[in-house]
2 protein chains.
Amino acid sequence: MSPPDPTDLDPETEARAGPRAQGRPPFGQAVGFLLSQLGFETSRRFGDLMSEVGLEPRHFAVLRAIEAMEGSAQNTVSDRLRVPASSMVAIIDHLEQLRVVERRLHPTDRRSRTLHLTPHGKEVLDRAVDLAMGLESTLNAGLSVDQRRELIEMLSRVADNLGLTAGLHPANARDGEAPP
Amino acid sequence: MSPPDPTDLDPETEARAGPRAQGRPPFGQAVGFLLSQLGFETSRRFGDLMSEVGLEPRHFAVLRAIEAMEGSAQNTVSDRLRVPASSMVAIIDHLEQLRVVERRLHPTDRRSRTLHLTPHGKEVLDRAVDLAMGLESTLNAGLSVDQRRELIEMLSRVADNLGLTAGLHPANARDGEAPP
DNA sequence: TATTGTTATACTCTATAACTATA
DNA sequence: TATAGTTATAGAGTATAACAATA
């Protein structure tokens, strides 16, 4: 093995800030970097939690929407969440296999399917919500109630700056104009 | 076309909060949801910006590291950023094709390659940094200097709660123990 | 003709592990 | 034997568009 590369940085000095050249802004402490980093890790942990109840984040989102829009047509839900129709098929297939959602015949339009949460689906959703609240507690640890409120206010402001629609996650959403 | 689904929610009432059932917490305003949503959109916009200079976010991260660790071996950089070695090959290939980075022979270890930023690479990095700072300004619009500082402090606290290493983005990093 | 839901296909992405050459 | 870099391969994920039934 060759000797340590003499150009290596001192780990104790630089480790916490990440590689950074003289004269460059500290990207590791920029709002954009922090949001990207935190969003990625938060999503990863959320995915891990949801897998405990057999779901992925997208299934959770659709399940919540179905509870809120009980009996709506499949395309109504996919339009609301801006999920592509073909992706929606796979999502509902999965939820049906778990027996948490049922497709039923639409009373007047035979092309259409209405979506319904089963009693078991309600239980699974309760459990998923508990898991999500646990993650929320982890994130908020050490923040006072006032700090958390301020944090949410500022993040909401940033979301406005980006033109995001509240409550609509862009990960699975089609591009295009926001709903009117 | 069939008449509007009678279970549809009133768009004007519910659009900003997203689908939500009675008795459920307002996920759309939770820290976790906001971070996930903002992180996704911030990353998407950052990727769009980097494409203006022919880069993807990972290339930007590696380019910054090479500037900070000029002349280090390829595996030193990939270890620092926790990028898998085989991914690093494709990243450096791309940076070399853009003539922003050069591989050179290691002076003592003929298996190894040292990485060097070209003068043109410095220019490209300058431009990429400008683009990133523009996004940072967009994100911070409407926040006072004090508010931005508080926001960064609180986000850093949340990052600590998640055990994240400052400046190290988990998107391209292998799993495993953090550097000592 | 247009729309709902479905299926099939083609594409991207990337991680794993095999391989070469050196140490 | 172990390591640096490279290459090959296989799997997951996803969007696109074609399709069948119905409006």
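Per chain, numbering begins at 1; letters A, B, ... match sequence-line order. Predicted, not measured: the structure shown is a model, and the values here were computed from it.
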query = Of the non-hydrogen atoms in B/Val77 and B/Ser72, which two are nearest, and what is the gap between them?
reply = CG2-CB, 4.1 Å

task = Quickly work out the A/Leu105 CG to C/dG5 C1' distance and round it to whole Å.
result = 13 Å

request  = For A/Glu153, check salt bridge (Lys or Arg N to Asp or Glu O under 4.0 Å) against everything at least two apart and list the hits.
outcome  = A/Arg149

remark   = Per atom distances to the B/Val89 side chain, the nearest of C/dG5, C/dA15, D/dT6 is D/dT6

Using atom types as modelled, flag every donor-acceptor pair under 3.5 Å from a side chain in residues 33-42 of chain A to any protein atom, sequence neighbours excluded.
unit_1: A/Ser36; atom_1: OG; unit_2: B/Ser43; atom_2: OG; d: 2.7
unit_1: A/Ser36; atom_1: OG; unit_2: B/His169; atom_2: NE2; d: 2.7
unit_1: A/Gln37; atom_1: NE2; unit_2: B/Thr165; atom_2: O; d: 3.0
unit_1: A/Gln37; atom_1: NE2; unit_2: B/Leu168; atom_2: O; d: 3.0
unit_1: A/Glu41; atom_1: OE1; unit_2: A/Arg44; atom_2: NE; d: 3.2
unit_1: A/Glu41; atom_1: OE2; unit_2: A/Arg44; atom_2: NH2; d: 2.8
unit_1: A/Glu41; atom_1: OE2; unit_2: A/Arg45; atom_2: NE; d: 3.3
unit_1: A/Thr42; atom_1: OG1; unit_2: A/Leu38; atom_2: O; d: 2.7

task = Report which part of the nucleic acid B/Ser86 touches: base, sugar-phosphate, or nothing (heavy-atom distance under 4.0 Å, all strands).
result = base

ask   = Rounded to whole angstroms, how far apart are CZ on B/Arg104 and C1' on D/dG5?
value = 18 Å

key: Separation of D/dA4 C1' from B/Asp79 CG (nearest whole Å)   = 10 Å

inquiry  = How many whole angstroms separate atom CE of A/Met88 from atom C1' of C/dG5?
reply    = 11 Å

Between N or O atoms, less than 3.5 Å apart, protein on one side and nucleotides 18-22 of chain C on the other: list the pairs.
none

query = Can you find a side chain N or O atom of A/Ser112 that sits less than 4.0 Å from OP1 or OP2 on C/dG5?
reply = yes

request  = Could you tell me the separation between the CD atom of A/Gln74 and the C1' atom of D/dT22, rounded to a whole number of Å?
outcome  = 15 Å

ask   = Taking atom C1' of D/dA23 as reference, at what distance in whole Å does atom CZ of A/Arg113 sit?
value = 14 Å

inquiry  = Between A/Ala171 and B/Asn75, which residue's closest nucleotide on DNA chain D lies nearer the 5′ terminus?
reply    = B/Asn75

ask   = Roughly, in whole Å, what's the span from CD1 in B/Ile92 to P in D/dA4?
value = 15 Å

query = Taking atom types as modelled and ignoring hydrogens, do the side chains of B/Thr118 and B/His116 form a donor-acceptor contact shorter than 3.5 angstrom?
reply = no

B/Glu102: salt bridge (Lys or Arg N to Asp or Glu O under 4.0 Å) partners, not counting sequence neighbours = B/Arg104

Axis bend over the full length of the helix from C/dT1-D/dA23 to C/dA23-D/dT1, computed from five pairs that close each end, to 10 degrees = 20°

message = Please determine whether a side-chain nitrogen or oxygen atom of A/Arg58 lies at a distance below 4.0 Å from atom OP1 or OP2 of D/dT14.
response = yes

request  = Grab the NE2-P distance between A/His106 and D/dA21 for me, whole Å please.
outcome  = 20 Å

key: Name of the residue among A/Leu81, A/Leu125, A/Leu117 meeting side-chain contact (heavy atoms from CB on, under 4.5 Å) with A/Arg64   = A/Leu125

For B/Arg103, side-chain contact (heavy atoms from CB on, under 4.5 Å) partners two or more places apart = B/Gln74, B/Val89, B/Ile92, B/Asp93, B/Glu96, B/Arg113, B/Leu115

note = All heavy atoms of A/Pro25 vs all of B/Met133, minimum pair found to be CG-SD, 3.8 Å

query = Is the closest basic N to carboxylate O distance between A/Arg148 and A/Glu136 below 4.0 Å?
reply = yes

